[in-house]
J.: 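Would you mind keeping the following structure in view while I ask a few things?
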There are 4 protein chains.
Amino acid sequence: MIERENKKNSRTVQKEARPKEILSAALNVFESNGFAGTRLEEVAKFAGISKGTIYLYFDNKDELFKACVRETVGKPIAKTLESAINFEGSTEKLLHELAEKIGDTFSDPEYRSIFFLIVSEGKRFPKLVKFYFDEVITPSVSRLSNIIQRGVDRGDIKSSISEEDALLLLSPVIFINVWNRLFGNEKKINLKDTLHSHIDIWLDGMRPENK
Amino acid sequence: MIERENKKNSRTVQKEARPKEILSAALNVFESNGFAGTRLEEVAKFAGISKGTIYLYFDNKDELFKACVRETVGKPIAKTLESAINFEGSTEKLLHELAEKIGDTFSDPEYRSIFFLIVSEGKRFPKLVKFYFDEVITPSVSRLSNIIQRGVDRGDIKSSISEEDALLLLSPVIFINVWNRLFGNEKKINLKDTLHSHIDIWLDGMRPENK
Amino acid sequence: MIERENKKNSRTVQKEARPKEILSAALNVFESNGFAGTRLEEVAKFAGISKGTIYLYFDNKDELFKACVRETVGKPIAKTLESAINFEGSTEKLLHELAEKIGDTFSDPEYRSIFFLIVSEGKRFPKLVKFYFDEVITPSVSRLSNIIQRGVDRGDIKSSISEEDALLLLSPVIFINVWNRLFGNEKKINLKDTLHSHIDIWLDGMRPENK
Amino acid sequence: MIERENKKNSRTVQKEARPKEILSAALNVFESNGFAGTRLEEVAKFAGISKGTIYLYFDNKDELFKACVRETVGKPIAKTLESAINFEGSTEKLLHELAEKIGDTFSDPEYRSIFFLIVSEGKRFPKLVKFYFDEVITPSVSRLSNIIQRGVDRGDIKSSISEEDALLLLSPVIFINVWNRLFGNEKKINLKDTLHSHIDIWLDGMRPENK
DNA sequence: AATGAATGAGGATTCATTCAT
DNA sequence: GATGAATGAATCCTCATTCAT
């Protein structure tokens, strides 16, 4: 009885867990079938609940989809931002650290799913794209810019670098994810390894003495 | 009477043009709404015909979609292959030439549409993905490999290069297309310029004296 | 040139033959697929013409169907009526002659088709049923009644016979046709032989001394 | 609480009754309009439900049709089989008993509907025809044959009887049903009375002394 | 007269959403 | 809160009918 005040009974636990279970199931099915191709019945089956229950937690299919993205994207955002603090060591070290972070993020299948959903369904949900841009892309790019600016200041990177050149440092992340999704069966590319290798080449090519 | 043999009446001309008109409209709508989200009525409206007419030329929605991809992908395939012949000049020159070709290909909105449809709907049409891989990706990669191998042989590129490193030379193509599709409103990246710049950096980073 | 006046050129012949060709094809397809299940395109294919041509000769699907029935039913009607004249010989002889006539009529697949179309689609075309009843059934029954009445008068048939008993003399015609259509694959029944046998049994059972 | 185990709530009751309601409505409409001519919306209206509900219980129109036949045919099959046991009394008595049973069966409008659906749509559903032949026709014929063979053995029926002659004993059943369906408005024939009369005539005609 | 491309109303089927239990 | 039966709007697809050639 005393415990009751501090503990949530299983019903309550279940109740609070429901939305996350649904979102997880929904993400899964949305990713496989796209927005329009997803039947809520299948989402329900995946979540082990009935169709009607989804509507206790989400207004409709659209809202469910948006919630999927917002919810799943939250984690990596937090991770990105929190790690944005330490600025010690060489440019090389910082970039490889960043590569590790990004690699970790994309090693999460849920995050990959979100990424592809935004690519696939972005036209139907422009607000989500804006949200993603503001909350995920902009901070990440900003952080990358900081590292690079610091590299220029330290003399690690040539000063003629453009904003686009900096962005391209991360282009393998997109490329490899798209590649693996489509052609992973034929030939799978390792994201982290290849990204580290790419950074090395890029840094070599970016040395100030290269014009 | 003589003309009769060489002339097609307007009915025939119309009929022969129909499939292409329909495919063009379909590509447009599929690209905006995805496969499942596309209503054939809208395709018909776009093509300026009626619903039923689509079925005079295509068995069903699936076949229409496949035809879209196959038809549109044909052109770049041809372009890729035809240009595969000349091998003169420096590695740098060849790579920049390749960049131009790719840039031209992706400057065609139809081709970009196909690319995104394959990314978005690949799971539903694995055969199309395989087709795209075999007909578009493999020849392109093969051609890139030839240039790079030749570069290694000529001493332009360091010999420790991996297959993945070579592939990444093209990663900006994917990255920029995805970026522009999603965030083109916020900040548009120029494909050709950026790709050329990237190639220069990459070549500098790949010089044999860099380790 | 002289011949021209007496002869119809092939175009004209073809033109006059068209309606019959179409009706024959239509009957075939209607019989296989029923009214609603028949596509006019298939009728056209069967007739070796194009869909549109049907509409040069028939207003619409309904009229085509009715024409099928009326046209095909005409022949047996004529046959029935013309043969209704001779009344010589024993009742037995007359009945067996009638059996032969009916057997001949139903040996024509077109006539069987009509019969089944009327059974199957009668509810949709009550006027056709009425037409069939008036033009085919009533005269036939009337003729049968005449024979039987004459048989009663001659003392060949007992006088207690009812109208229904008389009708039943022909019940094997329907039974055997239905049977063969449905179960002909399993076991086919010969219409004429069995009908003759049935008449003999019936006549024996109908002798005045049987009560 | 105790009641709970024995009671079904109204929802459950409704759900369990649905298939039969739908089948009954469907049989009705199929019988009126044939398979192709039936709109599922009309079936739904007849059943007092909505279009979609049909699909909760039947996969598609074809399956609904088959279920109609199988379900409705079940009863008479059972009746036929159960009554196949008693073999006492004269041949005459047995045949008149059989006539009663058959008359009862066909007095059920649902059974008549099935019969006509099989005649009308048999070509489209050959498996149903086979099913009907095996489950309904064969047992009935077999039973009739037993009675007649016994009649021959007892000296009630002449031994020269053929299998077809025996079958014809039931030809009025088909004839009268077809007649009444088509021409019932003009002149309705009573199945049982006429069948009994027919049996008497047939038996008289079949006496051994008749040749 | 003949064609067959085009139309669009009509019907089968699906599935997001509601709501009685 | 949870269920899942029921709904009906939405969408694919067919085919009778029209009409320009």
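Computed from a predicted structure; not experimentally measured. Just so it is clear, the values below take in all heavy atoms, side chains as well, and ignore hydrogens, waters and symmetry mates. Order of the sequence lines sets the chain letters (A, B, ...), proteins ahead of strands, with each chain counted from 1.
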J.: Whether D:Glu21 and D:Arg18 form a salt bridge (side-chain N of Lys/Arg under 4.0 Å from carboxylate O of Asp/Glu) is what I want to check.
T.: yes

J.: F:dA6 C1' sits how many Å from D:Ile22 CD1, rounded?
T.: 11 Å

J.: How many angstroms lie between OG in D:Ser32 and CG in D:Leu117, if you round to the nearest 0.5 Å?
T.: 9.5 Å

J.: B:Asp59 or C:Asp59: which one's nearest nucleotide on DNA chain F is closer to the 5' end?
T.: B:Asp59

J.: For the pair made of OH in A:Tyr55 and P in F:dA2, what is the distance, rounded to whole Å?
T.: 16 Å

J.: Quickly work out the B:Phe58 CZ to F:dC13 C1' distance and round it to whole Å.
T.: 16 Å

J.: Using the ring of each side chain (for Trp, its six-membered ring), is C:Phe35 parallel, tilted or perpendicular to C:Phe30, with breaks at 30° and 60°?
T.: parallel

J.: Looking at five pairs on each end of the helix from E:dA2-F:dT21 to E:dT21-F:dA2, what is the angle between the two axes, given to 10 degrees?
T.: 10°

J.: Mind calculating the distance between CZ (A:Phe35) and P (E:dC15) to the nearest angstrom?
T.: 13 Å

J.: Nearest whole angstrom, please: distance from the P of F:dA10 to the NZ of B:Lys61.
T.: 15 Å

J.: What is the distance from atom CG of B:Asn33 to atom CZ of B:Arg39, rounded to the nearest 0.5 Å?
T.: 8.0 Å

J.: Working to the nearest 0.5 angstrom, can you tell me the gap between D:Ile54 CD1 and D:Leu64 CG?
T.: 6.5 Å

J.: In this structure, how many angstroms lie between the P atom of F:dT11 and the CG atom of B:Asn33, rounded?
T.: 10 Å

J.: Do side-chain atoms of B:Ser24 reach the backbone of B:Lys20 as a donor and acceptor pair under 3.5 angstrom?
T.: no

J.: Which is more 5' along DNA chain E, the nucleotide nearest A:Thr38 or the one nearest D:Thr38? Just name the residue.
T.: D:Thr38

J.: With rounding to the nearest 0.5 angstrom, report the CD to OH distance, A:Glu63 to A:Tyr55.
T.: 11.5 Å

J.: Scan residues 39-53 of chain C against DNA chain E and write down, sorted by residue number, each residue with any heavy atom closer than 4.0 Å; if none is found, say none.
T.: C:Ile49, C:Ser50, C:Lys51, C:Gly52, C:Thr53

J.: Counting distance only, does the side-chain N/O of B:Lys66 pair as donor-acceptor with the main-chain N or O of B:Phe125 below 3.5 Å?
T.: no

J.: Grab the CG-C1' distance between A:Leu56 and E:dT17 for me, whole Å please.
T.: 12 Å

J.: Tell me whether the side-chain N/O atoms of D:Tyr57 come closer than 4.0 Å to OP1 or OP2 in F:dA5.
T.: no

J.: Salt bridge (Lys or Arg N to Asp or Glu O under 4.0 Å): which pairs involve residues 120-131 of chain C, sequence neighbours left out?
T.: C:Glu121-C:Arg124, C:Lys123-D:Glu31, C:Lys130-C:Asp134

J.: Nearest-Å distance, CD1 (C:Ile54) to P (E:dA2)?
T.: 12 Å

